[in-house]
> 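A single structure is presented below for examination.
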Amino acid sequence: MHASTRPDASTARVVVITGAASGLGWALTQQCLAQGDHVVLVDRDAPLLAERAPLVGDHGLCLTADITNEADQQAIIAAVQQHYGRLDVLVHNAGITHRSVAARTDPAVIRRVMEVNYLAPVALTVACLPLLTASRGALVVIGSMAGWMPVPGRAGYGASKSALTQYFEVLRLELAPRGVHVLLVYPSFLDTPIEQHALGADGRPAGHARSTAGRIRAPEWQARRILQALDAKRPTLAGELLPAIGAYLWRLWPALYRRLIRRKFASDLN
């Protein structure tokens with residue numbers, strides 16, 4: 001694990017963002033920096049982090065780390081304590097997905113998705129709780145509308161996001177007396193690299209384009225909404241209207257939802 005040079009300490013909010021070098025993570029980083037926060041960028045992509053470092057300057061810290069690695073998790077915490085001595089916001093943004101029919105997907109692909117999307121955020125949260133409790137800080141958890149309803153070709157991804165939601169909803173209840181806020185975010189479809197790097201059934205890159213429902217939004221649009229919801233201490237933030245309607249349709253009229261989703265995601269089923 002490698003860190004950039006030490007920035008000056010200040011009373012500004014200290015924000016750790018995983019998967020910070022691209023997509024939604026980078027959009028959040030830029031907007032946090034613009035409003036005066038110190039940002040700790042955590043990402044596996046060392047070359048891309050090196051490109052980001054001059055743009056971050058003295059207001060951030062770039063850490064090359066694999067969030068699924070326990071030693072790297074501890075190194076993240078050690079770096080935050082050494083450079084800032086506090087942690088105010090932890091953003092669980094890093095994630096991976098797959099596009100493959102469940103019955104033909106190698107279980108190793110599902111394990112990898114669960115490890116990155118669910119197990120790593122849980123472990124990193126537990127390790128960071130002493131710092132977050134001391135600052136009466138906040139957790140921002142990037143879930144997905146796919147965790148609310150079944151989406152063809154995303155069984156492992158949806159399962160990981162559903163598990164993430166359940167864990168942090170329980171944690172929210174338990175942390176409330178300690179003053180730690182939890183914001184659960186449910187984006188729909190964003191124009192980010194996560195889909196470009198989607199795994200196929202055998203663990204190699206997926207060979208077909210993704211199906212979508214509703215508008216595909218820029219990550220900057222979502223980042224602005226997340227930070228506004230965080231400042232307002234909102235408990236949840238949903239995505240686009242059409243996927244949200246789909247989620248409620250799944251609960252109220254599941255037979256109709258299944259017919260519609262099969263038609264919309266026919267290429268994923270085939």
> Using the rule that two of Ile, Leu, Val, Met, Phe, Trp, Tyr join whenever any of their side-chain heavy atoms come within less than 4.5 Å, decide whether Ile17 and Trp221 are in one cluster.
no

> Which atoms form the tightest heavy-atom contact between Ser100 and Thr105, and what is the distance?
OG-OG1, 2.7 Å

> Heavy atoms only: give me the nearest Lys161-Ser144 pair and the separation to one decimal.
CG-CB, 3.7 Å

> Decide yes or no on side chain to side chain contact (heavy atoms under 4.5 Å, CB included) for Thr29 and Leu33, but give the supporting numbers first.
CA-CA 6 Å; Thr29 295; Leu33 290 172; 3.9 Å; yes

> Side-chain heavy atoms nearer than 4.5 Å, only ILVMFWY residues, links allowed to pass through others: does that put Tyr84 and Leu129 together?
yes

> If I compare all heavy atoms of Gln73 with all of Ala123, which pair ends up nearest, and what's the gap?
OE1-CB, 3.6 Å

> Minimum heavy-atom separation for Ala223 and Leu24, please, with both atom names.
N-CD1, 3.8 Å

> Donor-acceptor pair, distance only, cut-off 3.5 Å: does the side chain of Tyr157 make one with the backbone of Ile110?
no

> Determine the sole option in Tyr118, Phe168, Tyr167 for which the ring pair (Phe, Tyr, Trp, His ring centres under 6.0 Å) test with His92 is passed.
Phe168

> Just so I know, are the side chains of Met149 and Leu249 near enough to count as touching, which here means a heavy-atom distance under 4.5 Å?
no

> Are more than 12 heavy atoms from other residues, nucleotides or ligands located less than 6.0 Å from atom CD of Glu169?
yes

> Looking at side-chain heavy atoms only, is the closest gap between Val141 and Leu183 below 4.5 Å?
no

> Look at the side chain of Arg251 and the backbone N and O of Ala247, then say whether any donor-acceptor pair between them is shorter than 3.5 Å.
yes

> For Ile96 and Arg112, run side chain to side chain contact (heavy atoms under 4.5 Å, CB included): C-alpha distance rounded to whole Å, both residues' side-chain angles, the deciding distance at 0.1 Å, then the answer.
CA-CA 9 Å; Ile96 59 174; Arg112 179 60 181 165; 3.6 Å; yes

> Measure up the Tyr248 and Trp148 rings against each other and bin them: parallel (under 30°), tilted (30 to 60°), perpendicular (over 60°).
perpendicular

> Quick check against the 3.5 Å criterion: does Thr236 have a side-chain atom that pairs as donor or acceptor with the backbone of Leu184?
no

> Going by the rule side-chain contact (heavy atoms from CB on, under 4.5 Å), which residues pair with Arg259 if we only count those two or more places apart in sequence or in a different chain?
Ala255, Leu256

> Please confirm whether the backbone N or O of Gly156 pairs with a side-chain atom of His98, one donor and one acceptor, at under 3.5 Å?
yes

> Does any non-hydrogen side-chain atom of Ser135 lie less than 4.5 Å from one of Leu87?
no

> Looking at every non-hydrogen atom in both residues, tell me the closest pair between Leu132 and Val89 and how far apart they are.
CD2-N, 4.2 Å

> Could you walk me through whether Val15 and Val40 pass side chain to side chain contact (heavy atoms under 4.5 Å, CB included), step by step?
CA-CA 6 Å; Val15 183; Val40 179; over 6 Å; no

> So among Arg224, Arg13, Arg225, which one has a salt bridge (charged side-chain N to carboxylate O under 4.0 Å, His left out) with Asp231?
Arg13

> Just list the side-chain donor-acceptor pairs under 3.5 Å for residues 43-55, sequence neighbours left out, or say none.
{"unit_1": "Asp43", "atom_1": "OD1", "unit_2": "Asp45", "atom_2": "N", "d": "2.9"}
{"unit_1": "Asp43", "atom_1": "OD2", "unit_2": "Ala20", "atom_2": "N", "d": "3.3"}
{"unit_1": "Asp43", "atom_1": "OD2", "unit_2": "Ala21", "atom_2": "N", "d": "3.0"}
{"unit_1": "Asp45", "atom_1": "OD1", "unit_2": "Leu48", "atom_2": "N", "d": "3.1"}
{"unit_1": "Arg52", "atom_1": "NE", "unit_2": "Ala21", "atom_2": "O", "d": "2.8"}
{"unit_1": "Arg52", "atom_1": "NH2", "unit_2": "Ala21", "atom_2": "O", "d": "3.0"}

> Can you tell if the side chain of Ile67 reaches within under 4.5 Å of the side chain of Asp72, non-hydrogen atoms only?
no

> Do Arg178 side-chain atoms and Thr133 backbone N/O form a donor-acceptor pair below 3.5 Å?
no

> How many angstroms lie between atom CZ of Arg99 and atom CG of Leu199, to the nearest 0.5 angstrom?
9.5 Å

> With rounding to the nearest 0.5 angstrom, report the CG to CD1 distance, Leu131 to Ile77.
7.0 Å

> At their closest point, which heavy atom of Met114 faces which heavy atom of Ala163, and how far apart are they?
CE-CB, 4.4 Å

> When you measure from the side chain of Asp202 to the backbone N and O of Arg204, does any donor-acceptor pair fall under 3.5 Å?
yes

> Within the side chain of Glu220, is there an N or O that forms a donor-acceptor pair under 3.5 Å with the backbone of Ala27?
no

> Okay, side chain of Thr18, backbone of Ala94: is any donor-acceptor separation there less than 3.5 Å?
yes

> Do Trp26 and Pro219 make a side-chain contact, defined as non-hydrogen atoms from C-beta onward lying under 4.5 Å apart?
no

> Give a yes or no answer on whether the side chain of Asp88 reaches the backbone of Val14 with a donor-acceptor pair at less than 3.5 Å.
yes

> Give, for atom CG of Leu139 and atom CG of Leu171, the distance between the pair rounded to the nearest 0.5 Å.
6.5 Å

> For the pair His83 (side chain) and Ala78 (backbone), establish whether a donor and an acceptor sit closer than 3.5 Å, ignoring hydrogens and angles.
no

> Does any part of the side chain of Leu63, heavy atoms only, come nearer than 4.5 Å to the side chain of Leu41, both counted from C-beta?
no

> Say you draw a straight line from CD1 of Ile226 to CZ of Arg234; how long is it, rounded to the nearest 0.5 Å?
11.0 Å

> Flag the pair Pro235 / Arg172 as yes when at least one side-chain heavy-atom distance between them is below 4.5 Å, and no otherwise.
yes

> Any side-chain heavy atom of Asn117 sitting closer than 4.5 Å to one from Leu164?
no

